[in-house]
Every structure is written in structure tokens, then in C-alpha cells.
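First the structure, in the form of C-alpha cells, and then the observations on it.
Residue numbers begin at 1 in each chain, while the letters A, B, ... track the order of the sequences. Any value given below was found using the heavy atoms of this structure, including those in side chains, with hydrogens, waters and symmetry copies removed.
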Amino acid sequence: MTEAPLIVPSTAGPSGPQDQDDLLAGLNPQQLAAVTYRGPALLIVAGAGSGKTSVLTRRIASLLRSREAWPSQILAITFTNKAAGEMRERVGQLVGEAARGMWISTFHSACVRILRREAEHFGFTKSFTIYDSGDSRALIKRLVKEHEADAYGLTPASVQGRISKLKNELQDSESYARDANMSDPAERVFVEIFADYQRRLRKANAFDFDDLIGQTVYLFRAFPKVADTYRRRFRHILVDEYQDTNHAQYALIHELTRPVSADAPDPYASNGMMIFEPETTPELAGASLTVVGDSDQSIYAFRGADIRNISEFERDFPGAKVVLLEQNYRSTQNILSAANAVIGHNFDRKDKKLWSDRGDGDKIVGFTGYSQHDEAQFVADEVEALHRAGMPYSEMAVFYRTNSQSRALEEIFIRSAVPYKIMGGTKFYERAEIKDALAYLISVANPADEMSVRRILNKPRRGIGDVTETAIARFADDQGISFRDALSMPSQLGVGPKIQAAIGQLDAVLTEATALMLPASGEVPPPTVVADGLSLLLAKSGYLDALRASRDPQDEARVENLDEFVAVARDFARNNPEGTIADFLTEVALVSDADDLDDESGSVSMMTMHTAKGLEFDAVFVTGVEEDLIPHRISAGEPGGPQEERRLFYVGITRARKRLHLSLAMTRAQFGEVSVAMPSRFLQEIPAELVDWRQSPGDVNSRGGTQSRALNARRGGGFGGSGGDRFGVKPLAPRDRITPLSTAMDKFPNKVTGKVRDNGDLELAAGDRIRHDDFGEGRVDAVTGEGAKRIAHVRFDAAGLKKLLIKIAPIEKL
DNA sequence: CTCTGTTTTTTTTTT
DNA sequence: AAAAACAGAG
């Protein structure tokens, strides 16, 4: 099809073509096409590191500069809030103030924004709350118990998973019940729980994560007039990471890109997936849609991402233009060759080869440790070596498959005094004390949310237990009032006077906070209300006092966390002077792991490979490259599982600009039990000549002698039996030697070396000789840092240069 | 109702 | 190994 642009880009006029020159400068022909093409639908297939963010921002800037679109007509969807912020900033650099009116956000944030405006249409209020997966799990857990569903083999986790999956497919309990085998009692109970769950959410004036998308689609379909206002508004829709959209998100995009007809058609065609239907005479054509993605980087099938959304884009949008970006501007050729080789083993993909003109670069470094601690030590040493060679810590990253793997790395990093930060894991907002604080806020903002009120009922301990809780719930039911309102009449609950007083006290605090944060008399509260209200709640409820009075050392940290949370609220007030409590809660509910990545501090980033998507670093360490980890054991059974794992590994590899390290351990402790780990099958998919094995799986085998470690056992050429020479192993330079011979199998395996130890008072000075449990004897070169963070720089006789945190290192002065 | 000690489960990835 | 769930005493 010939691409006659619907709108000719940047014709004459005050904003002439020369305005575009800087936007188009330095682009290759494909990138140029991706920026300048105009038409109803455009698919940009963007391989890793092919400059897609730059293309996307320039495309937006180009639309704005040529006056083809007002900022308010642009909706750009990114994968994380962090990515959204970055894109806003980059567009801002290109077009200045015009960047303001655009919607650049995640699917979830955009939907919250729409729902807050339109919630009243279908029985919610604009102060609805958002349940994160922990909240919905708690609710489901209660329902499972009430329905005694465990008797049918339904666990909270499985129910939650199934409901989420169904919602991603835009199913509700009724539509599911129609096709389900209802003679199976387990199915019947499941449907009941699903329906109940939905009822409770509605009663609590709350949406879960999946509802944010699904209910927005429902809203658009049930209220075409509402949908039309958004269709008229957004004329250019751009979606990043399109390969990771699920069906609900796909449907949302379709709803938004429908043509708007002058006469709103009443019964909405329920088969309405075909959007360019000729029979209506549209008053306005559908919005132009640009999607960017790479099916090789689709790693979210487990949460409903449907790779067909991208692979069948051309069928869904007939006449769509497709642009392929294959030149990689990020990595060296060695890294790309490895990536290409790995991903080439996936069979059902369009062949696509990334290439680079940056030269071969360094070889990939491989290392096999005896244990996960040994592996971590390798990473720490290598990080230090790179840092000494001039690479900032912030340009290095360590990836792993599962969050639990971070522990061993963290231990060694602390001991080696390597600055690091962990992205994700137990997130700040999932800590119990923060969730408690949030529950207090929600109880004020959305009193209908019974879950939150119940949560704070006995936090801090007020002597209110199960019995009282049930009594309150029954009273509320009988009187037809909400759980929250029942708290205001403690004397009628039929509980003892002591407990009445406790309930009355809680009610008074909540009431006071409500008066402060949501003043009845339409006056505008100062920006700091959220922070002030939060402080008030925490202080007057006795929550902080209880923590301070406790002698559990963890509670000290909890107080600090709460202080930080209040600081977050103050920060929020500064950035959003008009932000309401609902805005604050939204922001908190939607922050993701990748979002709190800020590169201003110089520390090594540690994260899962999933979190790593969309990021890049000079040096990357992919750890735990073992069978049962990557590919993960659980994925082996799932259809398409191993393929998705391979894509995940591919994502990890392609994050690296200059140096890539692949490491594994030969034993790994899991569940508190040590087991033998085998090298990942993905390792043999990388051509041997690309990898410089410092210590190969074969080497380690010949020492450990458990069995044939199956790396490459079935490959004839290049790889072979257990002979280390076949791996091209180089002897380690003494300085880089990681594992002294004496610490081989017998000493290193799985020793939890980070046990409680306090050398706080140990005085060391340059010139002192010391002995270290693992590294042997050495001489102190220098001591830096203060107090608990004093660091000894030690030159070990056998193990080379190390940094040690004096307070906890297993050392003694000689 | 709360505290303490014991048993069981957990680790796949996330907006 | 650590967190969560559970059971029983006070």
C-alpha cells in the first residue's frame, strides 16, 4: 500500500521544515521513517538498543512543532512511571512548555485519571481506592475462608491468579460461569468467590490493579458518550512496549482509536473489535496509533501479555505501516552476537538480527563459583576492578532471576564495602508499617473501604480482637451503616467499657484527621495537609508511641521508615501543591520498582531481569545462569515457558553496553537446603569463542567430581568434555584471583559468612597485618570512612586487593 | 485478648 | 533461612 500521508507533515507556514531539522538530524533511514510517517497506524519493530525512545520522543516533538497536534491531543503510554517521566523530560527538551498538556503515563495511571473523572457514572466515587495485590490477596483470603473453598483445593493464591487472568481477558464472573463446567463444585465455589470479591470491591469503593484497565474498558463500552469525549480529545496515541500489553489493554486502545460517529450508535456492537467499519459515516476518523515493541522482549506472558497483539498488528489494523529498526546503538558486537545466538533458538519468531558498528569490544566474561557466595565474591571483585579502572558504580548493574537471589549478593557487597542499591524486592510500600500508615490514610479518604478500617482497628494494640471486630461488623450490618460509622457509637456495640473507650479514641482520631484533610467547607487546604494529617494520625493513634516503647530492635527501623514516609508526603506536597489525599494515594499505589531508580548516587544497581527491561548499563552481571533458575523450574511445564525465559535472558544480555559477565554457582542453597546446580542450557547457545571463561563449569566439575556437568555434552565442535582447555580458560592474573586454591570446595560452599559479628572497636591503621577467614593474611593499605562505615583497604598475599567493612569483616589483627 | 513457642510454607517474574 | 500460620498458656 502506498503511504499517502493523511496530513502532509510540516508544510509551509510559520513553522517551516527547518524547524524539524534538529529532530531529524543523525537518524538512519528507518528511524527517519518512524519519525515522519503519517497515517492511521504505525508499528515500529524496535530491536534492543535501536534508539526507540529517541524515535518516539522525536515523533511526538515533530507532531507538536508542525502543529499537527496540540499537546492535549497526545496520549503516550509507557511501561513504568519512570519511563513516562523520562519521556516527558526528553520531549520537553525538544519543544519546551508545549510538553505540559500531554498525557504521558502508564496504562494504569491513565486509567485512574479517567476513572477519577468518570467514576460517578457507574456507582463509584472519585475518592475510590486502589487495591494492590497484597490488599486483594487479603480480601480473597477472607473469602476463601468464608466459602470454605480450601476443601475444593482452592488456595488464595490460585484464586487470585485465576481472577486476575480472567480480568485481563475482560471476563467477569458471569461470563466465566456461562462457559465453565458448573457441575464441578470447585468451579461453582470459584465463581461464587469471584462474584463476591467483585461485590466487596464495589462496596469498598475500590478497584484492584486489573480493574483499573478492565473497568475503564467497561466504562467506554457502556457509556459511548463518555468514550467519545476521550476519542475526540486524543488524536495521537502512542504505546511503548506494545509486546507486553494484555487483552484488556489492547481493547482499551481499540476503544480509544475508534472513529467517532456523529450519531452515537446505541447498541454497541459487542463484537466490536473491527474498528474501521465503513458503514457508519464518521464525523471524525479514529485517532492515529503508533505502537513500538519487540516480540523478542516479551516477558510478561504470566500477567496476561499477549504476544499476538504485536505479531498480528498488521491484521488488526489493515494498512498499517511497519518500520524495522535493527541497528543497535548500545552494545558491542560480541554482546549482540551472543544475544542473537541465544534468541535464535526460539523457533516461532521472525528472524531479526541486531548489528552494531561499534566493533567487537571485550569478550564476555564467564565465571563459575563453588557456591552462591563464591559467585557473589566474583561479582564484587569484578565491580571493584572496573571501578578502579574508572567506571562509575552507577554504570554497573547486577541482574538475577528471582528476588531471593539478591541476599547472597547483598551480604558480600556489604562486606566488601561496594555501594549498591536494590530495585524492587520487598518494596518500601509493602512494609507492614507503611501499609498500616496507608490504611489510616485510606480510612480517612475512603471510609467505605472496610478492609483498611479493619486493618487499623487493632494497630497499635487496643485490646480489640476478633470478637469485637465481628461485633462491630454485625452491628453495622443490622443498622445498615458502614463499618467505619459503627465506630462512632461504641456504647451500642455491646462490648466492655475498656474496649468502648478504645474504639471511641480511634473514632476521635479519624474524625479529627478527616476534619483536617477534607474540610467540609469547600475551603482549599494548604498543600501540606496530607503530610500533616499523616503525622497527626500516627501520633494521636498511639502508633508511633507503641513502636518506640517496643524493645524489638526492628521497630526502631519501622519508626525511621515512617519518618521517611512522612517525608515522602511532604515531598509530594512540594511537587503537587494542589494534590489531594486521593492523588497521593494513587501515586503511592502505582509506583513500581523501576520507578525509584534514580541515578544520581553512585551505586551499583541490583534488580531482577524483569525490572531491567528498558534500562542500560556499561557493565552488566547476569548471575545465577543455571538450570531451574533461568529457565526457571516452574516455567518448564508451562506452554511457551522456556521460550519466554530465553527472551528474558536475552533482555538481560542486551542491557549491556560494553561489558557483559555471565556467572553461575555449582551449588545453591534454596529452601535452606543445598543442592547441585547445573549450568543453564542457554549458556551453550552462546558461541564458545565469544566467552572468556575465568573459571568454566568444566573446571569446577573436575574438582568437585559430582557427575558430568552437562554443559555442552551434546555438542561436537567447540565445546566438549570436561577438559578446561576446550573452554579457552585463561589463568587468572594474581590480582584478579577470586578463589584461592585453599578455599575451594571444602571451605567456600554455602557458608553463611555474614553472621552477626561486631568489630566496631577494632582499630586498624595503614601497615597493620591482618588475617581474614577466607582470604588469608594481608597488609592494610589504608583506612577510610567513619564510625560504623570504616573501610579497610587490604592487600592480601594470595587474594589481591580488597575493601572490607571493618565492623563486620571476619578478620583479626595480627 | 495477647504472648510465646512450634509447625508449616515459601521463591518466578509485576502494573 | 526466614516468614507466616497455628496452637496453647496465661
Side-chain angles (χ1 to χ4, degrees), chain A residues 77-84 105-112 130-134 136-137 141 145 155-157 160-161 164 167-168 207-214 241 244-246 248-249 298-305 372 399-408 411 423-427 429-430 432 457-458 460-469 495-496 498-499 502 552 554 586 589-595 607-613 624 628-638 641 644-645 647-649 651-652 668-674 750 752 754-755:
Chain A
I77 304 283
T78 58
F79 197 68
T80 63
N81 290 303
K82 160 94 173 164
S105 67
T106 62
F107 271 107
H108 295 266
S109 310
C111 285
V112 170
I130 301 166
Y131 277 22
D132 68 20
S133 28
S136 71
R137 193 176 53 239
K141 205 181 212 165
K145 207 169 230 168
T155 64
Q160 185 180 28
S164 171
K167 285 186 174 182
N168 287 333
F207 296 100
D208 67 17
F209 273 144
D210 302 314
D211 278 344
L212 292 178
I213 316 287
E241 308 283 10
D244 282 324
T245 52
N246 61 35
Q249 292 165 334
S298 164
I299 53 174
Y300 283 98
F302 69 91
R303 80 174 197 217
Q372 56 215 330
F399 302 156
Y400 35 82
R401 175 66 234 270
T402 67
N403 282 305
S404 60
Q405 287 167 251
S406 67
R407 220 174 246 145
E411 259 167 30
M423 250 58 80
T426 357
K427 282 161 252 169
Y429 293 109
E430 278 171 15
L457 206 50
N458 198 31
R461 300 219 159 86
R462 301 185 168 90
I464 303 175
D466 250 3
V467 181
T468 313
E469 191 177 329
V495 296
K498 233 179 166 162
I499 294 179
D552 182 343
Q554 286 203 327
T586 300
L590 295 181
V591 290
S592 68
D593 294 347
D595 292 342
M607 68 192 86
T608 67
M609 284 182 240
H610 282 89
T611 307
K613 188 170 77 156
D628 289 350
L629 225 39
I630 176 93
H632 197 274
R633 186 181 318 120
I634 294 176
S635 75
E638 322 236 305
E644 172 145 327
E645 297 284 310
R647 290 194 293 270
L648 184 57
F649 188 52
V651 167
R668 188 166 293 270
Q670 245 178 155
F671 282 125
E673 293 246 307
V674 181
N750 302 306
V752 184
K755 276 286 164 252

Note to self: Tell me the closest heavy-atom pair linking Lys167(A) and Ala248(A), and the distance in Å.
What the structure shows: O-CB, 4.2 Å
Check: Would you say dT2(B) has OP1 or OP2 under 4.0 Å from some side-chain N or O of Asn458(A)?
Finding: yes
Next item on the list: Under a 3.5 Å limit for both distances, which nucleotide forms a Watson-Crick or G-U wobble pair with dT11(B), could you say?
Entry: none
Checklist line | Minimum-distance nucleotide (side-chain atoms of Thr402(A) versus dT15(B), dC1(B), dT12(B)) | finding: dT12(B)
Next item on the list: For Phe399(A) and dT13(B), give me the distance from atom CZ to atom P, rounded to whole Å.
Entry: 16 Å
Check: Roughly how far apart are Ile77(A) CD1 and Thr245(A) OG1, rounded to 0.5 Å?
Finding: 11.0 Å
Next item on the list: Output yes when at least one side-chain N/O atom of Thr611(A) is less than 4.0 Å from OP1 or OP2 of dT13(B), else no.
Entry: no
Margin query: Taking the nucleotide of DNA chain B with the nearest heavy atom to each, does Gln249(A) or Ser635(A) sit closer to the 5' end?
Written below: Ser635(A)
Item checked: Where Thr106(A) and Phe79(A) come nearest, the two heavy atoms and their spacing -> CG2-O, 3.8 Å
Heteroatom pairs (N/O) under 3.5 angstrom, protein to nucleotides 4-10 of chain C:
residue : atom : partner   : partner atom : Å
dA5(C)  : OP1  : Lys141(A) : NZ           : 2.3

Checklist line | Nearest to side-chain heavy atoms of Thr106(A), which nucleotide of dT15(B), dT10(B), dT13(B) | finding: dT15(B)
Check: Rounding to a whole Å, what distance do you find between Phe209(A):CZ and dT13(B):C1'?
Finding: 15 Å
Check: Mind checking who dC3(B) pairs with, Watson-Crick or G-U wobble, both distances under 3.5 Å?
Finding: dG8(C)
Item checked: Integer-rounded Å distance: dT12(B) C1' and Glu644(A) CD -> 11 Å
Next item on the list: Quick one: closest heavy-atom pair of Glu645(A) and Leu629(A), and the distance?
Entry: OE1-O, 4.0 Å
Checklist line | Rounded distance (Å) that lies between atom C1' of dA3(C) and atom CZ of Phe671(A) | finding: 13 Å
Checklist line | N/O (side chain, Asn403(A)) to phosphate O (OP1/OP2, dT14(B)) under 4.0 Å | finding: yes
Check: Would you find a donor on one side and an acceptor on the other, under 3.5 Å apart, between the side chain of Asn458(A) and the backbone of Ile464(A)?
Finding: yes
Margin query: Please determine whether a side-chain nitrogen or oxygen atom of Thr80(A) lies at a distance below 4.0 Å from atom OP1 or OP2 of dT15(B).
Written below: no
Next item on the list: Go through dC1(B), dT15(B), dA2(C) for me and flag the one nearest to the Asp466(A) side chain.
Entry: dC1(B)
Item checked: Whichever of Glu469(A) and His632(A) has its nearest DNA chain B nucleotide further upstream toward 5' -> Glu469(A)
Next item on the list: Could you tell me if the ring centre of His610(A) sits under 6.0 Å from that of Phe302(A)?
Entry: yes
Check: Across the strands shown, which category fits Ile213(A) at heavy-atom distances under 4.0 angstrom: base, sugar-phosphate, nothing?
Finding: nothing
Notebook entry, point to check: Can any side-chain N or O of Glu644(A) pair as donor or acceptor with the backbone N or O of Gly641(A) at less than 3.5 Å?
Noted result: no
Next item on the list: Report yes if the ring of Phe302(A) lies under 5.5 Å from the six-membered base ring of dT13(B) with planes under 30°, and no otherwise.
Entry: yes
Notebook entry, point to check: Atom CE of Met607(A) to atom C1' of dT13(B): distance rounded to whole Å?
Noted result: 14 Å
Margin query: For the P atoms, the ones on dT11(B) and on dC6(C), what distance do you get once it is rounded to whole angstrom?
Written below: 16 Å
Notebook entry, point to check: Contact class for Ser404(A) (heavy atom, under 4.0 Å): base, sugar-phosphate, or nothing?
Noted result: base
Check: Do Asp628(A) and Arg668(A) sit within salt-bridge range, that is, some charged N less than 4.0 Å from a carboxylate O?
Finding: no
Check: Taking only side-chain nitrogens and oxygens of Arg461(A), does any of them come within less than 4.0 Å of OP1 or OP2 of dC3(B)?
Finding: yes
